[in-house]
Amino acid sequence: MSSTFCFQVQPPSYVTATPILRAVETCSTMAELKQHHSLIFRLGLSTDNHAMSRIINFCSKHHQFQYALKVFNTVPNPDTFLYNTLFKSHFNSQTQTPFNVILFYSHMLQQSLTPNSFTFPTVIRSCSFHRELKQLHAHVIKFGFGSDVFSLNNLIHVYFSFGSLEDARKVFDKMPERNIVSWTTVISGYSNCGNVDEAFRVFELMSDNNSASWNAMIACFVRNNRFKEAFDLFNRMRAERVEVDKFVAASMISACTGLGALERGKWIHGYVERSGIELDFKLATTIIDMYCKCGCLEKAFQVFNGLSRKGVSSWNCMIGGLALHGKGEDAIRLFREMEREMAVPDAITFVNVLTACAHSGLVEEGRYYFRYMTEVHGVEPSKEHYGCVVDLLARAGRLDEAKEVLDDMPMSPDASVLGALLGACKIHGKFELGESVGKRVVELEPGNSGRYVMLANIYASCGKWKQVAGVRKLMDDRGVKKEPGFSMIEIEGNVNEFVAGGRDHPLAKEIYAKVDEMLESIRLVGYVPDPDGVLHDLVEEERENPLFYHSEKLAICYGLLKTKRGETLRITKNLRVCKDCHQACKLISKVYECDIIVRDRNRFHHFINGECSCKDYW
């Protein structure tokens, strides 16, 4: 007589499953996760919301949204918690996978599931359209979260991102309770819309400022090029003994970069080191960028070489710094080192390499790397890369080849690409082509005064004064204002700004006397004023300002007054250096036995003993 024994397999209790679920959180790779997921499946927990939330949460942290979505779709009855976990996974992964959070949120409501305080912050941030945000705003109130500070802070943030200042301010004004994030979100959102004064007014209303709010306001000033106000606020912050963190330090380093304030930048860098502030990739790259753009490559390399690990942004910054200084061969050598270190170059890397070639006249090398980036690294050329190649060829006088590259681009050239060709047309006397390109550039960027300047200079170069007047009239009709030229020099930690022909400086009398002395000295070694340069650049440095009193000459003479003979002078100028000032700087460096480093709109010029690092190639 046979007997049959039946065993009934019971699903594991959570006591049994808990170690397995905890193990999911310790996974370091997707391969490990999939092994644990398989085990959870065999244990009969594949449809359990809590268990599956662990899997989805891991995917969120490791940017594996596609896998998270597959897991979610296997759960027959997802609850609000699981929906929230999926929304968070999508937001954190920053994936390009097509996924409509709002649609899934609608599905959630259709399942008679009620959103909670964790639902709205992520869903609000996923809005793509203003009308969706308005509907979600209504839902926040409908479901009883009209006082939830997290949901309201996110509403303010997204309203600002859509440019809806009035809606954002209404939410802020009606909040029954505000935290520090509420205030900093408003400060950042006005600043991003260019309303700096209103942002500062809100900042001053805060009763309990902390490091985050101070940084938001300082960053606001920096983003809007109000660097002196950023320094004033930073000094006030230190006087009130508010802790300076890595975010404030990065903002202030950026302010030093904008002003060309090397000594202040060195002090803040030293403060970071003395205070033990974490030198993460972002802060380190900001410091490297500051040293490069303040004309101190040696210090930039010290920081760069001192990094235990170098991110792509650090390599890009250093290569870009060498490019800005016209050190093309050094930039290429550093790029090769980057490859040897197994760092993967990106599109920005090759923009910097190609720019380095353009600023150094390395035509064949530039052509080579333009092909190399696609053939070896799979980086498809963008408008920026094509613009670099056009600039490379045009600077070298190979304008026909530059025009061919322009015509063969797979996308329409923008104003920056055409502008590279336009500048070379002026330099190399290709006025007919320059006129044609100039007209296109002006229409592409009708609000950019520099584009009108260049077209007017093209006309002036070939004596077409009627057309010059026409360009000026067009600017007036469109309400386009000329960008004023100014130069800055840092002396004893203070940044002094000069405009062409300006007499506002307390030492104006002494500065102008020094200019006269300087001009007499350089005439003795061959200086001849170049009125043709003024003629061509008459819109950039006003005609009524004499050639001798351009802003960089005033800044240099102030430097000669305030420094010892032989000390390096560092000048930052917002426009391109004119031909006459360029020649004068070479001779000043020789006569006064001092190095002069000028950062203009395009690049650096190192004037040493009568020569310029650009080799007159700018």
Side-chain angles (χ1 to χ4, degrees), residues 347 350-351 354-355 357-359 361 363 366-367 370 380-485 532-533 535-541 574-579 600-603 617-618:
F350 287 102
V351 167
L354 293 171
T355 299
C357 293
H359 283 178
V363 176
R367 284 182 172 277
F370 184 69
E380 291 298 321
S382 66
K383 287 181 182 179
E384 288 78 11
H385 299 106
Y386 280 104
C388 289
V389 175
V390 170
D391 188 34
L392 171 78
L393 295 168
R395 284 174 186 266
R398 295 159 71 161
L399 273 76
D400 290 339
E401 294 175 62
K403 183 69 164 53
E404 285 180 20
V405 172
L406 200 69
D407 293 338
D408 291 342
M409 285 176 60
M411 70 284 288
S412 298
D414 60 14
S416 62
V417 177
L418 290 167
L421 180 59
L422 178 60
C425 288
K426 176 193 168 188
I427 294 169
H428 296 287
K430 297 288 186 178
F431 300 129
E432 185 176 342
L433 177 60
E435 180 179 357
S436 171
V437 174
K439 288 178 179 178
R440 291 174 64 187
V441 171
V442 164
E443 295 310 313
L444 283 171
E445 283 191 345
N448 186 334
S449 64
R451 303 307 186 187
Y452 296 87
V453 168
M454 191 62 73
L455 179 58
N457 290 341
I458 292 285
Y459 284 133
S461 297
C462 50
K464 293 186 176 182
W465 303 112
K466 182 178 179 181
Q467 285 82 350
V468 171
V471 173
R472 285 179 169 172
K473 184 177 185 303
L474 185 61
M475 289 181 71
D476 291 339
D477 292 344
R478 292 178 174 178
V480 180
K481 302 296 182 183
K482 299 184 292 289
E483 184 179 2
D532 185 57
L535 178 69
H536 289 190
D537 290 304
L538 52 88
V539 188
E540 296 216 358
E541 296 271 18
N574 68 322
L575 301 176
R576 182 178 180 272
V577 174
C578 75
K579 288 170 62 180
D600 74 1
R601 170 174 280 174
N602 297 326
R603 59 168 297 156
Y617 192 82
W618 96 104

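For this chain, numbers begin at 1 and follow the sequence in order.
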From [X] atom [atom1] to [Y] atom [atom2], the distance as rounded to the nearest 0.5 Å:
| X | Y | atom1 | atom2 | result |
| --- | --- | --- | --- | --- |
| Cys462 | Gln467 | SG | CD | 7.5 Å |
| Asp391 | Leu354 | CG | CG | 10.5 Å |
| Cys357 | Leu392 | SG | CG | 6.5 Å |

How close do [X] and [Y] get, counting heavy atoms only, and between which atoms?
| X | Y | answer |
| --- | --- | --- |
| Lys426 | Phe431 | O-CE2, 4.1 Å |
| Leu575 | Asp600 | O-CB, 3.2 Å |
| Arg395 | Ala424 | N-CB, 4.2 Å |
| Ala420 | Ala394 | O-CB, 4.1 Å |
| Cys388 | Ala358 | O-CB, 4.2 Å |
| Pro446 | Tyr452 | O-OH, 2.7 Å |

Partner set under side chain to side chain donor-acceptor pair (under 3.5 Å) for [X], not counting sequence neighbours:
| X | value |
| --- | --- |
| Lys473 | Asp477 |
| Asn602 | none |
| Asp407 | Lys403 |
| Ser416 | Asp414 |

A side-chain contact here means heavy atoms from C-beta on lying under 4.5 Å apart; do [X] and [Y] qualify?
| X | Y | answer |
| --- | --- | --- |
| Val417 | Leu406 | yes |
| His428 | Leu399 | yes |
| Leu422 | Ile458 | yes |

Please list, chain by chain and in numerical order, all residues satisfying salt bridge (Lys or Arg N to Asp or Glu O under 4.0 Å) with [X], sequence neighbours excluded.
| X | result |
| --- | --- |
| Lys430 | none |
| Glu380 | none |
| Lys464 | Glu435 |
| Glu401 | Arg367, Arg398 |

Legend entry - ring pair (Phe, Tyr, Trp, His ring centres under 6.0 Å) involving Phe370 - partner list, sequence neighbours excluded: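 Ring pair (Phe, Tyr, Trp, His ring centres under 6.0 Å) list for Phe370, sorted by chain: Tyr386.
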Legend entry - Residues forming a side-chain contact (heavy atoms from CB on, under 4.5 Å) with Glu432, sequence neighbours excluded: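 Checked Glu432 against side-chain contact (heavy atoms from CB on, under 4.5 Å); zero matches.
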Legend entry - For Ile427, all residues meeting side-chain contact (heavy atoms from CB on, under 4.5 Å), sequence neighbours excluded: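 Residues passing side-chain contact (heavy atoms from CB on, under 4.5 Å) with Ile427: Arg576.
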Keeping [X] on the side-chain end and [Y] on the backbone end, is there a donor-acceptor pair under 3.5 Å?
| X | Y | answer |
| --- | --- | --- |
| Arg603 | His359 | yes |
| His385 | Ala347 | yes |
| Asn574 | Pro484 | yes |

Inset, instruction - Kindly state each residue pair satisfying salt bridge (charged side-chain N to carboxylate O under 4.0 Å, His left out) with at least one member in residues 448-459, sequence neighbours excluded. - result: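 The answer is Glu445-Arg451.
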